[in-house]
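Reviewing the structure listed below.
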Amino acid sequence: MQRPLAFRTQHRLRSAPEFERVYRQGIRAGDALFGISALKNDHGHARLGLSIGAKAVGNAVRRNRLRRVLREHFRHAKIELPALDIVITARPGARHAPTEAVSESIVRLLSQIRKRCR
RNA sequence: GGAGUCGGCUAGGCAAUCGCACUCGGCUAACCAACCAGCAUGGAUGCCGGUGGCGUCGGGUGAGGAAAGUCCGGGCUCCACAGGGCAGGGCGCCAGGUAACGCCUGGGGGGCGAGAGCCCACGGAAAGUGCAACAGAAAGCAAACCGCCUAAGCGCUCGGUCGCAAGACCGGGAGCCGGUAAGGGUGAAACGGUGCGGUAAGAGCGCACCGCGGUCCUGGCAACAGGAACGGCACGGCAAACCCCGCUCGGAGCAAGACCAAAUAGGGAAGCAGGCAGUUCGAAGCUGCGGCGCGCGGCCCGCGCGUGCUUCCGGGUAGGUCGCUUGAGGCGUACGGCGACGUGCGUCCCAGAGGAAUGAUUGUCCACGACAGAACCCGGCUUAUCGGCCGACUCCCACU
RNA sequence: GCUCCCAUCGUCUAGAGGCCCAGGACACAGCCCUCUCAAGGCUGGUACGAGGGUUCGAAUCCCUCUGGGAGCG
């Protein structure tokens, strides 16, 4: 059995076509910090794609940190999520956002997505 | 105690849980594999085992002083190359260090500071060509606008003396021919500076000191410094203007490059199949018709495009593997050197990903945490940066 | 990651060491013309990305930053 909280390459979107598919056909939500797109997949579990430009966020250190925080959220939430491909895009509002604000925003956006998927 | 200068080190700590990358060692029923060995078989392939993957458990390691900018220099790789030169780029006081450098160390010269110290692209302008707006007489070679002078030369004129007169002599004035560059004024910059002498007025015209120049001597590897006598000012600035001199540089970059290699299309080779007619001595070599497939079209006619199968070969795409971290390496120590650094010995292995690994939560402590994330690797420079610690030195105040 | 390029009014641009407190076009503001608007005419404001250096003098030459953009799978 796989450990339930693990996060491996199989849980990630990795290629440009995968991202394109979600952007084109997925449903969207967003706020000042992030944009989020989601689309049903047939892998039997949720997958995460991150699109965080250094230009939007400031520099490489802030970019990496944001990526890690978002991934951590997804890791804890992914059991509860349906089989979706989720792409999170950083917006300039996220540049100086503290970790708590990021958490709050992501929880709210994910619940919106989940509601609209029914 | 205060103010300051220089050099070096450091970059929140600890604990618990979950998670990530690499790595070592276990377990691994089932699943996956294009690798390896064995067996079966004519062969495709199958079976069994190993190894690996996936999974899981435990241990170890895991960003920086700038990882940054990509401004220099090298290693490495491929391409080019007989040798030499030209063109083009870079560098530029001297000596040393180094794999190399535009870096570093020591020294010289210049500038700043009271000092410790700091700063300087710092070769050549008597090889040539250029440039200098405006102002100013004149901007580079001696020339003279205002001014100063009228000694010498030339006549003119006034006064005086002498003389019968022509005229001579003395003194003055304006002028010509001239002399001069001290002063004025312009400018960023004006043909050595100051003083004395000198002169008609002046001037290196003469002298003293300073500056400058080449010569000689002394010290130094040298840059350069000191000294002597001489010259008598000629030789102004700009080379981050062209240039000259000396030294130096082949080009590209790990998306370099090497290897393995599916599918599709196309290339080559072999074999097989292939309706009719023409061309031809003959032949699927070519042409036409037909057949089949696709498209246009509601359908027919028509029009357009394509034309088989099997095996092998080479190039090569996706994809994968290597390059990928042991190195001009770190630490300690001894010796040489003022130092940068070098040499010897001992010891350690310290990130290697591929949408790209360090995060989250909780507790706790304190000085409440800046700038910021490796992507082939090193040496520098530059830029960003909350602080803390250590050492050396300077100046001021007080006390002994 | 690597290799390059660019930067002048709000926009597009001229400029090659002094003629430039930077010129032109469009745009903007005011005035004139018109019954009004447009067109036209007159007038005006507005820029050398930043900081150092070289030079008597820099948009121009040199250095260091900053901000944009392009190419390489």
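So you know, we letter chains A, B, ... as the sequences are listed, proteins then strands, and number each from 1.
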*Whole-Å distance between A360(B) C1' and Leu66(A) CG?*
14 Å
*Using a heavy-atom cut-off of under 4.0 Å over every strand shown, decide if Arg12(A) touches base, sugar-phosphate, or nothing.*
sugar-phosphate
*asked:* Under 4.0 Å, heavy atoms only, any strand: does Asn64(A) hit a base, just the sugar-phosphate, or nothing?
replied: base
*asked:* Does the structure show a Watson-Crick or G-U wobble partner for G198(B), both distances under 3.5 Å? Name it, or say none.
replied: none
*Where does U98(B) land, syn or anti, once you apply the within-90°-of-0 test for syn?*
anti
*Taking the chi torsion of A284(B), is it syn (within 90° of 0) or anti (everything else)?*
syn
*For C350(B), does the glycosidic angle fall within 90° of 0 (syn) or outside that (anti)?*
syn
*Under the side chain to side chain contact (heavy atoms under 4.5 Å, CB included) rule, what do Val87(A) and Ile36(A) come out as? Steps first, then yes or no, please.*
CA-CA 6 Å; Val87(A) 174; Ile36(A) 182 163; over 6 Å; no
*Would you indicate which nucleotide in C18(B), U361(B), G373(B) comes nearest to any side-chain atom of Leu5(A)?*
C18(B)
*Per the atom types in the model, does the base of G19(B) pair as donor or acceptor with the side chain of Glu72(A) at under 3.5 Å?*
no
*Which whole-number value in Å describes the distance from Asn59(A) CG to U385(B) P?*
14 Å
*Do Arg68(A) side-chain and G19(B) base share a donor-acceptor contact under 3.5 Å?*
no
*What is the minimum heavy-atom distance between Ala90(A) and Phe34(A), and which atoms define it?*
CA-CD2, 4.0 Å
*Quick one: do Arg108(A) and Asp31(A) make a salt bridge, cutoff under 4.0 Å?*
yes
_Can you tell me whether the base of A95(B) sits syn or anti, using the 90° cut around 0 to define syn?_
anti
*Rounding to a whole Å, what distance do you find between His76(A):NE2 and U362(B):P?*
12 Å
_Strand partner of G153(B), provided both Watson-Crick or wobble distances fall under 3.5 Å_ = C176(B)
_Separation of atom CZ in Phe74(A) from atom P in G359(B), rounded to whole Å_ = 21 Å
*Which part of the nucleic acid does Arg65(A) contact within heavy-atom distance under 4.0 Å: base, sugar-phosphate only, or nothing?*
sugar-phosphate
_For a quick check of understanding: with a heavy-atom distance under 4.0 Å over all strands, which category does Leu13(A) fall into, base, sugar-phosphate or nothing?_
sugar-phosphate
*Exam field: side chain His73(A) to backbone Val69(A), donor-acceptor pair closer than 3.5 Å*: no
*asked:* Could you walk me through whether Ile27(A) and Leu39(A) satisfy the side chain to side chain contact (heavy atoms under 4.5 Å, CB included) test, starting with their C-alpha distance in whole Å, then the side-chain angles of each, then the deciding distance to 0.1 Å, before giving a yes or no?
replied: CA-CA 7 Å; Ile27(A) 56 171; Leu39(A) 181 66; over 6 Å; no
*Arg62(A) CZ - C371(B) P separation (whole Å)*: 8 Å
*asked:* Both distances below 3.5 Å, Watson-Crick or wobble geometry, any strand: find the nucleotide opposite C335(B).
replied: G342(B)
*Select from Thr99(A) and Phe7(A) the residue whose nearest nucleotide in RNA chain B is closer to the 5' end of that strand.*
Phe7(A)
*Would you mind reading off the distance between Glu100(A) atom CD and G359(B) atom C1', rounded to a whole angstrom?*
15 Å
*Where does G192(B) land, syn or anti, once you apply the within-90°-of-0 test for syn?*
anti
*Fit a plane to each ring of His11(A) and Phe7(A), take the angle between them on a 0 to 90° scale, and name the class: parallel (under 30°), tilted (30 to 60°) or perpendicular (over 60°).*
parallel
